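For reference, the structure discussed in these notes is given below.
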Amino acid sequence: MIDLQYIHDIIYRSARLEWDEQTLADVGRCYDFLEDFAQDKVIYGINTGFGPMAQWRVDDQYLKDLQYNIIRSHSTGAGEPLGDEYVLAAMIARMGSFVQCKSGIHPEVVELLTEFVNRGIVPFVPEHGSVGASGDLVQLAHIALCLIGEGKVHYHGEWRNTADVMSECGLKPIQIHIREGLSATNGTSVMTGISAINQLHAENLLGWAILTSVWINEIAGSYDDSMSEPLNECRRHEGQQYVAAEMRKIAESSHCLKKREHWLYDNGHKDVKVFQDKVQAYYSLRCTPQILGPVYETLQQARRVIEEEINSASDNPIVDPETKNVYHGGNFHGDYISLEEDKVKIALVRLTMTAERQLNYLFHDRINGILPPFLNIGVLGLNYGMQACQFTATSTTAESQTLAMPNYVHSIPNNNDNQDIVSMGTNTALLTKHVVENAYQVMSILVMALAQATDCLSMRERLSKKTGEVYDEIRKLTPTIKEDTPFYEDIEKVTKYLKAL
């Protein structure tokens with residue numbers, strides 16, 4: 001079972017990808033079955049053309065050429081190359097499919113992919129090209145192109161010819177045995193790999209959103225009952241209760257939050273007509289368990305689906321040594337990933353919107369009533385504080401709101417209408433990737449603003465242990481803002497800090 005933690009450790013902690021001998025033996029057993037079963041039978045993609053060309057039988061003398069042809073002909077991607085982490089995750093996901101032992105590929109395919117991952121040999125895979133059915137044909141073809149010793153790879157920070165890198169590392173290209181070309185290019189592994197990395201970052205962002213929601217309530221001097229157990233447990237949603245519990249853990253050591261029973265329930269306010277402090281905080285502060293709870297539950301569901309997809313056979317046809325048959329169908333269809341990534345995308349946009357509104361609270365002196373306009377410690381009118389940072393956060397949030405429109409419902413028939421309804425799963429995963437990046441940018445500005453607000457109120461020593469630690473880390477990266485200064489490098493530094501997995 002490959003889970004997201006294993007992928008995280010391989011990509012970000014230099015853990016090695018390893019398979020036990022039994023797994024590779026089972027891959028070989030499936031290959032042996034297909035080799036024997038395929039004699040004198042018509043099997044799609046082994047002795048027929050691909051897609052609409054399946055009606056044409058291919059002469060036995062060209063069967064190896066057929067497999068090479070699908071790899072080379074489908075290496076048609078365009079656009080910027082996917083980052084290394086996404087390609088590595090896609091290769092791991094592809095092996096997750098292969099080790100289900102339903103593909104009929106030779107074990108050397110798994111062995112070479114494993115070498116690529118462990119040595120950091122990353123194929124050139126352009127962003128654009130997949131309609132998500134039959135899986136990620138184009139992007140997977142670019143990975144397969146490198147497996148046969150062609151194309152180019154990213155290795156030690158340089159783009160180089162695959163053949164040169166393989167020779168340098170003592171590796172040999174895979175051989176075509178039966179259907180290695182088709183199986184290597186047919187499946188959902190690229191959209192799944194991108195989604196796996198998106199998921200790791202989305203969960204990280206949720207953690208930051210929970211922490212910053214405590215921090216802003218500390219700055220506002222809010223009442224702590226909005227995160228209380230009695231309030232949140234009477235609404236039965238798991239996510240809301242989880243977020244509230246996490247907020248309570250962070251806030252436990254805080255000296256900033258107020259107890260309503262001490263401030264308003266002590267019978268000492270009978271003659272007060274207008275309260276100076278807000279009796280209830282604004283929704284972006286008070287309702288974070290209710291807002292972020294659905295985000296948590298959405299991410300939990302997405303994690304389950306992504307891990308199930310990683311550990312599924314997602315190509316076609318399915319080779320089954322147990323029933324001694326080969327089944328034709330559509331396990332390459334990316335609907336599961338496409339729908340989940342749309343939901344993750346929407347949830348992250350909601351998280352980003354909440355962060356942007358919290359930022360507005362900090363910047364708007366007539367709303368918060370305790371901070372200078374735009375957290376400006378300088379001379380009002382002469383200096384501008386963090387005023388222009390809000391432009392960036394607002395415009396970035398607005399872009400994400402546009403990207404939140406569901407992509408799962410978009411399908412354009414193609415491939416001579418053989419692919420008459422497609423998932424667009426890879427496009428959806430890429431849009432989610434963009435929303436993840438936007439969320440980090442907005443979150444970085446919010447974190448900088450929270451640190452600045454902490455300085456405005458000279459309240460570092462009253463913060464909770466956790467929010468105080470984050471304040472200290474931010475101050476190692478960026479100074480308190482007094483004089484006007486460019487912010488773009490500071491935003492980049494804080495973004496990098498937040499993104500560390």
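These numbers were taken from a predicted model, which means no experiment stands behind them.
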Distance only, no hydrogens: is a donor on one side chain within 3.5 Å (strictly under) of an acceptor on the other, for S423 and S338?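 Per modelled atom types, S423 and S338 side chains form no pair under 3.5 Å.
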
Residue pair Q441 / T392, side-chain donor-acceptor N/O under 3.5 Å: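 Judged by distance alone, the side chains do not pair up.
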
Give the intermediate values and the outcome of side-chain contact (heavy atoms from CB on, under 4.5 Å) for residues I143 and L113. CA-CA 9 Å; I143 294 175; L113 276 169; 4.2 Å; yes

Main chain of [Y], side chain of [X]: is a donor-acceptor contact present, judged purely on distance under 3.5 Å?
X	Y	result
N316	G330	no
E150	A144	no
D20	Q22	yes
N118	L17	yes
R475	T478	yes
H237	G239	no
S228	D224	no
D342	N407	yes
S167	D164	no
T394	F391	no

Find out whether [X] and [Y] are in side-chain contact, i.e. whether some heavy atom of one side chain is under 4.5 Å from a heavy atom of the other.
X	Y	value
S254	T467	no
D472	R460	yes
Q452	M448	no
I481	F487	yes
V110	I105	yes
Q401	M353	yes
M1	E307	yes
V27	V109	no

For the atom pair [atom1] ([X]) and [atom2] ([Y]), what is the distance rounded to the nearest 0.5 Å?
X	Y	atom1	atom2	value
I70	L182	CD1	CG	5.0 Å
L292	M247	CG	CE	8.0 Å
T428	M191	OG1	CE	8.0 Å
E158	K152	CD	NZ	13.0 Å
Q139	F124	CD	CZ	10.5 Å
N198	E203	CG	CD	11.5 Å

So E111 and L24, side-chain contact (heavy atoms from CB on, under 4.5 Å) or not? Walk me through it. CA-CA 9 Å; E111 291 168 350; L24 293 176; 4.2 Å; yes

Surrounding [atom1] of [X] (heavy atoms of other residues, nucleotides or ligands, distance under 6.0 Å), is the total greater than 12?
X	atom1	result
R303	CZ	yes
E492	CD	no
Y327	OH	yes
I421	CD1	no
Y155	OH	yes
E252	CD	no

Give the minimum heavy-atom separation between [X] and [Y], together with the two atoms involved.
X	Y	answer
L140	A184	CB-O, 3.5 Å
T298	V344	CG2-N, 4.1 Å
A393	E356	O-CG, 4.2 Å
A313	N331	O-ND2, 3.3 Å
N232	S226	ND2-O, 3.2 Å
A347	V295	O-CG2, 3.6 Å

Report the C-alpha distance between S314 and E309 in whole Å, list the side-chain angles of each, state the deciding distance to 0.1 Å, and finish with yes or no for side-chain hydrogen bond (donor to acceptor under 3.5 Å, both in side chains). CA-CA 8 Å; S314 66; E309 191 70 16; 4.8 Å; no

Would K433 and Y86 satisfy side-chain contact (heavy atoms from CB on, under 4.5 Å), going step by step from the backbone distance to the final call? CA-CA 10 Å; K433 172 178 174 287; Y86 302 97; 3.3 Å; yes

Steps toward side-chain contact (heavy atoms from CB on, under 4.5 Å) verdict (H434, N438): CA-CA 6 Å; H434 195 148; N438 285 358; 3.5 Å; yes

Before you tell me yes or no, could you show the steps for E489 and K493 under salt bridge (Lys or Arg N to Asp or Glu O under 4.0 Å), namely the whole-Å CA-CA distance, both residues' side-chain angles and the distance that decides it to 0.1 Å? CA-CA 6 Å; E489 290 182 342; K493 288 178 188 176; 5.7 Å; no

So H201 and Y440, ring-ring contact (aromatic ring centres under 6.0 Å, His included) or not? Walk me through it. CA-CA 9 Å; H201 283 295; Y440 273 120; 5.4 Å; yes

Salt bridge check: are K465 and E469 linked by an N-O gap of less than 4.0 Å?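 Yes, this pair counts.
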
E297 and side chain to side chain contact (heavy atoms under 4.5 Å, CB included): which single residue from E238, Q240, K343 fits?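 Option passing the side chain to side chain contact (heavy atoms under 4.5 Å, CB included) with E297: E238.
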
Do R94 and F98 meet the cation-pi criteria used here (NZ or CZ under 6.0 Å from the six-membered ring centre, within 45° of the axis)?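 Here R94 passes the 6.0 Å and 45° test against F98.
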
